[in-house]
Student: 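Supplied in structure tokens, the structure appears directly below.
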Amino acid sequence: TSTGRRVRSDATANRERLLAVAAEVFAVEGLSTTLADVATKAGIGVGTVYRHFANKDDLIYHVYAPRLRMAQQLTERATRSRDAWEGLAALIEQASWQLAIDKGFRQFILGGYTEVLGDSPSETSMRLLSLLEQTHSQVSAHLDDLIGRAKSAGALRADFESTDIQLLAAAIQATVDLGGTERPDVYRRVVGLLLDGLRQARPGPTPLPARALNSAGLSQFLDAGHRSPSAVTGDSTQSAM
């Protein structure tokens, strides 16, 4: 009995370590990371990974399912804000930050992972996509309500629609890829500029939360040898909010 408890305890510890390490690796390297990569980072054999997770999709599911629930809760809290504009602005800022720090999450949220799935997705892959679709549906319902309230209050421009959130996401997260590790905060300038453009009535420009790039810095980021063309054009599937 004592041995059995120790084995179960070790298995639980290994699983938790795998999830923690996978979350770190996905955040930095994205979802193209292999199970072998995760196993190496965790300091265990790849066979141990397969004893806990059927395949990489199963691991991704368990890493990001809690994050999707948090995203839904974030939207729900924003919807309950007394001031709809403040709720919407806070939601955009917080969601942008959460995605900016996690490359894998950006790929997952904006559909970039569908390219990794291939032509014949497995049952586990379909469970991943179903989770994403359910979350999108629930979040969209809250967003529609929040945007409607902000418009009714005269705080949000009347021609803004909930589908525009995806466009804003692409613009914001393309800047994340552009800034890279040298300027991870530069995306916040785009957030500030976009929020001022969305607001129907404002006393004046809002101070931007990050300093501008200088000419030398911008040239460095646009150098084809430093960044891929997709990061500059925003065509990358990683450019999501």
Side-chain angles (χ1 to χ4, degrees), residues 64-103 105-112 131-179 183-213 218 231-241:
Y64 286 119
R67 295 287 301 277
L68 289 176
R69 286 193 292 271
M70 290 174 60
Q72 182 180 344
Q73 293 168 358
L74 179 65
T75 310
E76 291 174 353
R77 287 197 300 271
T79 305
R80 292 195 296 268
S81 298
R82 180 171 299 180
D83 186 307
W85 166 256
E86 290 184 359
L88 179 62
L91 174 63
I92 292 174
E93 290 173 343
Q94 293 177 43
S96 298
W97 174 77
Q98 289 184 0
L99 288 166
I101 63 174
D102 193 326
K103 182 177 181 179
F105 200 38
R106 296 201 299 276
Q107 290 177 319
F108 188 35
I109 289 295
L110 279 196
L131 173 65
L132 189 58
E133 290 171 358
Q134 291 172 10
T135 304
H136 175 73
S137 176
Q138 294 164 346
V139 167
S140 294
H142 291 298
L143 271 177
D144 288 340
D145 178 62
L146 183 60
I147 289 171
R149 286 177 52 214
K151 287 182 180 180
S152 297
L156 178 64
R157 53 188 301 160
D159 57 353
F160 183 79
E161 302 297 337
S162 59
T163 51
D164 290 322
I165 290 288
Q166 195 81 350
L167 301 181
L168 300 184
I172 293 167
Q173 296 308 319
T175 312
V176 173
D177 290 329
L178 183 66
R183 283 297 308 275
D185 66 331
V186 74
Y187 80 94
R188 299 184 66 207
R189 289 184 64 84
V190 178
V191 174
L193 291 167
L194 289 173
L195 287 177
D196 265 12
L198 293 178
R199 197 165 186 178
Q200 182 69 20
R202 57 185 184 275
T206 303
L208 295 177
R211 61 183 175 84
L213 292 169
L218 182 60
V232 176
T233 63
D235 292 337
S236 171
T237 54
Q238 299 165 18
S239 55
M241 183 179 76

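All figures in this text were calculated on a predicted structure; none of them were measured in a lab. Hydrogens, waters and symmetry mates play no part in the numbers below; they use all other heavy atoms, side chains included.
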Student: How close do Ser96 and Val191 get, counting heavy atoms only, and between which atoms?
Tutor: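 What the structure gives for the nearest pair is OG-CG2, 3.9 Å.
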Student: For the residue pair Ala150 and Trp85, what are the closest heavy atoms and their distance?
Tutor: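 Where Ala150 meets Trp85 most closely, the heavy atoms are CB-N, 4.3 Å.
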Student: Looking only at heavy atoms, what is the nearest atom pair of Asp144 and Ser162, with distance?
Tutor: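 Scanning both residues, the minimum pair turns out to be OD1-OG, 2.9 Å.
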Student: Could you grab the distance from atom CG of Leu88 to atom CD1 of Ile165, nearest 0.5 Å is fine?
Tutor: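 Answer rounded to 0.5 Å: 5.5 Å.
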Student: Counting N and O atoms only, with roles assigned by atom type, does the side chain of Ser137 sit under 3.5 Å from a partner on the main chain of Glu133, one being a donor and the other an acceptor?
Tutor: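 Such a contact is absent between Ser137 side chain and Glu133 backbone.
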Student: Just by modelled atom types, is the His142 backbone N or O under 3.5 Å from a matching donor or acceptor in the Asp145 side chain?
Tutor: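 Absent.
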Student: Quick one: does any side-chain atom of Arg149 pair with a main-chain N or O of Arg82 as donor and acceptor, under 3.5 Å?
Tutor: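 Answer holds: yes.
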Student: Drop me the distance from Leu156's CG to Leu195's CG, to the nearest 0.5 angstrom.
Tutor: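 The CG atom of Leu195 is 10.0 Å from CG of Leu156, to the nearest 0.5 Å.
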Student: Measure the CG-CZ distance between Leu146 and Arg77 for me, rounded to the nearest 0.5 Å.
Tutor: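 The CG atom of Leu146 sits 13.0 Å away from the CZ atom of Arg77.
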Student: If you measure from CZ on Arg183 to CZ on Arg189, what distance do you get to the nearest 0.5 Å?
Tutor: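 Answer for the CZ-CZ pair, Arg183 versus Arg189, is 8.0 Å.
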Student: If I take atom CD1 from residue Ile109 and atom CG from residue Leu68, how far apart are they, to the nearest 0.5 angstrom?
Tutor: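 Rounded to the nearest 0.5 Å, the CD1-CG separation comes to 5.0 Å.
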Student: How would you list, by chain and number, every residue that makes a side chain to side chain donor-acceptor pair (under 3.5 Å) with Ser152, sequence neighbours excluded?
Tutor: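 Testing Ser152 for side chain to side chain donor-acceptor pair (under 3.5 Å), a comparison that skips the adjacent residues, returns none.
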Student: Counting C-beta onward and ignoring hydrogens, is there a side-chain heavy-atom pair between Leu143 and Leu91 closer than 4.5 Å?
Tutor: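 With C-beta onward as the side chain, the pair touches.
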Student: Kindly indicate whether the side chain of Leu198, heavy atoms from C-beta on, has any atom under 4.5 Å from the side chain of Ile92.
Tutor: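 Of all side-chain heavy-atom pairs linking Ile92 with Leu198, at least one is under 4.5 Å.
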Student: Once you round to the nearest 0.5 Å, how far does CE of Met70 lie from CD of Gln94?
Tutor: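 One finds 10.0 Å between CE of Met70 and CD of Gln94.
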Student: To check you understand the geometry: which heavy-atom pair defines the closest contact between Gly87 and Ala78, and what is its length?
Tutor: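 Minimum heavy-atom contact is O-CB, 3.5 Å.
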Student: Do the side chain of Lys151 and the main chain of Ala158 share a donor and acceptor less than 3.5 angstrom apart?
Tutor: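 Pair found, side chain donor or acceptor close to backbone of Ala158.
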Student: Going through the checks in order, is the side chain to side chain contact (heavy atoms under 4.5 Å, CB included) test met by Gln98 and Arg67?
Tutor: CA-CA 9 Å; Gln98 289 184 0; Arg67 295 287 301 277; 4.1 Å; yes
Student: Without swapping roles, check the side chain of Arg106 against the backbone of Ala100 for a donor-acceptor pair under 3.5 Å.
Tutor: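 Looks like yes, one N/O pair under 3.5 Å.
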Student: Would you please classify the geometry between the Phe105 ring and the Tyr64 ring as parallel, tilted or perpendicular, with 30° and 60° separating the classes?
Tutor: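 Rings of Tyr64 and Phe105: parallel, as their planes differ by under 30°.
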